[in-house]
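This report refers to the structure that appears directly beneath it.
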Amino acid sequence: MGKPLVAVFSGAGMSTDSGIPDYRGPQGLWRREPDAEKLVTYEYYMADPEIRRRSWLMRAEIGALGARPNAAHVAVAELERGGTPVRVITQNVDGLHQLAGMPGRKVFELHGTARSVVCTACHARSGMDEALARVAAGEPDPACLACGGILKAATVMFGQRLDPVVLGQAMAVAKGCQVFVAVGSTLQVQPAASLAGMAAEAGARLIIVNAEETPYDALADEVVREPIGTALPALLTRIAGGGLTRAVSSGSCRASAARHDPKETTWF
């Protein structure tokens with residue numbers, strides 16, 4: 001039997017060990033500063049220069065560009081390098097999976113990337129580091145250098161739709177995988193969170209690694225409450241060693257008819 005396709009669905013909790021705060025956890029940004037959600041809400045951002053100023057300052061203060069991959073990111077990349085077919089579906093915008101060594105074509109960034117900025121008028125793209133350098137030099141709300149339009153991070157803000165192409169690719173992975181590991185996500189933000197249920201309904205073994213309960217715990221074959229930095233590497237080592245093979249074989253009977261024919265999809 002070949003190695004199972006493993007889908008790793010990562011949320012903000014995946015990156016907290018890298019110094020990037022989460023949003024909905026006990027110490028999450030939205031709980032500590034409820035008004036901060038406006039800084040990443042498209043309607044507020046586009047209408048209010050003060051919101052944009054605060055949003056740029058928030059990005060500079062969080063320091064995501066200087067963050068480095070932690071043990072969990074490294075473990076995912078090592079699983080892929082070891083020959084297990086892995087696809088990452090992430091709600092995160094920090095690019096740490098790629099920095100850890102995951103090939104970019106195998107990472108589906110549902111909410112875009114904070115490592116680039118895009119003009120909302122002409123759609124020109126440039127680096128986030130360039131924009132933050134302009135902020136540090138005294139521009140509170142840097143405009144597009146090409147057309148003067150409003151710049152924003154190349155992320156999906158509240159009020160914006162997910163990229164349908166990226167979402168479609170993520171759905172195909174969820175329906176086609178044999179193991180779906182949801183890690184560091186409250187699984188509350190839709191439609192991204194529904195991928196966990198989609199995978200389970202298609203017969204995948206669903207494993208949730210998160211400090212708090214999620215709406216999908218009842219569907220899960222395994223729920224892990226231990227710290228992500230140690231729990232995920234241990235789990236992925238078990239997967240790499242074939243520790244889930246028998247469980248995957250039996251679990252896939254839940255909805256085998258709904259699964260993609262593995263002959264029709266190449267995951268490597």
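Please read these numbers as outputs of a predicted model, since none were measured by experiment.
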Side-chain heavy atoms under 4.5 angstrom apart, residues restricted to Ile, Leu, Val, Met, Phe, Trp, Tyr: same cluster for Phe158 and Val118? no
Test Lys152 against Val40 for side-chain contact (heavy atoms from CB on, under 4.5 Å), laying out the working first. CA-CA 9 Å; Lys152 65 177 287 293; Val40 289; over 6 Å; no
Has the side chain of Ser116 got a donor or acceptor atom that lies under 3.5 Å from a matching backbone atom of Ala154? no
For Glu43 and Ala47, indicate whether the former's side chain and the latter's backbone hold a donor-acceptor pair under 3.5 Å. no
Same apolar cluster: Val107 and Val179, side chain cutoff 4.5 Å: yes
Taking every non-hydrogen atom, the tightest pair across Ala174 and Met198: CB-SD, 4.4 Å
Heavy atoms only: give me the nearest Ser185-Phe9 pair and the separation to one decimal. OG-CE2, 3.7 Å
Minimum side-chain heavy-atom gap Leu151-Glu130 below 4.5 Å: no
If only atom types and distance count, is the side chain of Thr41 paired as donor or acceptor with the main-chain N or O of Glu37 below 3.5 Å? yes
So, the side chain of Arg225 versus the backbone of Asn210: is there a donor-acceptor pair under 3.5 Å, distance only? yes
What I'd like to find out is whether the side chain of Asp163 reaches to under 4.5 Å of the side chain of Phe108, using heavy atoms alone. no
If you compare all heavy atoms of Tyr45 against all heavy atoms of Ile51, which two are closest, and at what distance to 0.1 Å? CA-CG2, 3.8 Å
Is it the case that one hydrophobic cluster holds both Leu195 and Val156, taking links as side-chain heavy atoms less than 4.5 Å apart, direct or via other members? yes
Do Asp17 and Ile228 pass the side-chain contact (heavy atoms from CB on, under 4.5 Å) test, and can you show the C-alpha distance, the side-chain angles, and the key distance before you say yes or no? CA-CA 9 Å; Asp17 281 356; Ile228 292 169; 5.6 Å; no
So if I apply the side-chain hydrogen bond (donor to acceptor under 3.5 Å, both in side chains) rule between Asp141 and each of Arg134, Arg53, Arg52, which one comes out positive? Arg52
When you look at Ile20 and Leu96, which way does the side-chain contact (heavy atoms from CB on, under 4.5 Å) test go after all the steps? CA-CA 11 Å; Ile20 299 175; Leu96 293 182; 4.0 Å; yes
Any side-chain heavy atom of Ile208 within less than 4.5 Å of one from Asp217? yes
Donor-acceptor contact present, side-chain Asp221 to main-chain Leu206, <3.5 Å: yes
Min side-chain heavy-atom separation Asn92-His111 under 4.5 Å: no
To check you understand the geometry: which heavy-atom pair defines the closest contact between Ile89 and Ala170, and what is its length? CD1-O, 3.6 Å
Would you give the length of the straight line joining atom CG of Leu167 to atom OG of Ser194, rounded to the nearest 0.5 angstrom? 7.5 Å
Is there a donor-acceptor pair closer than 3.5 Å between any side-chain N or O of Thr16 and the backbone N or O of Gly13? yes
To the nearest 0.5 Å, tell me how far Glu78 CD sits from His73 NE2. 13.5 Å
Distance-minimising heavy-atom pair for Cys144 and Cys122: SG-SG, 3.8 Å
Could you tell me if the side chain of His97 sits less than 4.5 Å from the side chain of Met14, heavy atoms only? yes
Check whether any side-chain heavy atom of Met157 lies under 4.5 Å from a side-chain heavy atom of Met46, and answer yes or no. no
N-O pairing of Glu222 and Arg238 below 4.0 Å: yes
Within the structure provided, determine whether Val166 and Glu109 are in side-chain contact (heavy-atom separation under 4.5 Å). no
How long is the span from the CG atom in Leu99 to the CZ atom in Arg115, to the nearest 0.5 Å? 4.5 Å
Calculate, to the nearest 0.5 Å, the distance between atoms CG and CD belonging to Leu39 and Glu50 respectively. 9.5 Å
Interatomic spacing from CD1 in Ile239 to OG1 in Thr84 - rounded to 0.5 Å: 8.0 Å
Got a second to check how far Gln188's CD is from Gln91's CD, nearest 0.5 Å? 10.0 Å
Quick one, Ser18 and Asp94 - any side-chain contact, counting heavy atoms below 4.5 Å? no
Locate the shortest heavy-atom distance separating Val117 from Trp56; write the atom from each residue and the value. CG1-CH2, 3.8 Å
For Thr214 and Val223, what are the C-alpha separation, side-chain angles and deciding distance, and is it a side-chain contact (heavy atoms from CB on, under 4.5 Å)? CA-CA 10 Å; Thr214 81; Val223 176; over 6 Å; no
Single-linkage hydrophobic cluster Val173~Leu110, side-chain heavy atoms < 4.5 angstrom: yes
Do Leu145 and Met128 sit in one hydrophobic cluster, given that two such residues count as connected whenever their side-chain heavy atoms are within less than 4.5 Å of each other, even indirectly? no
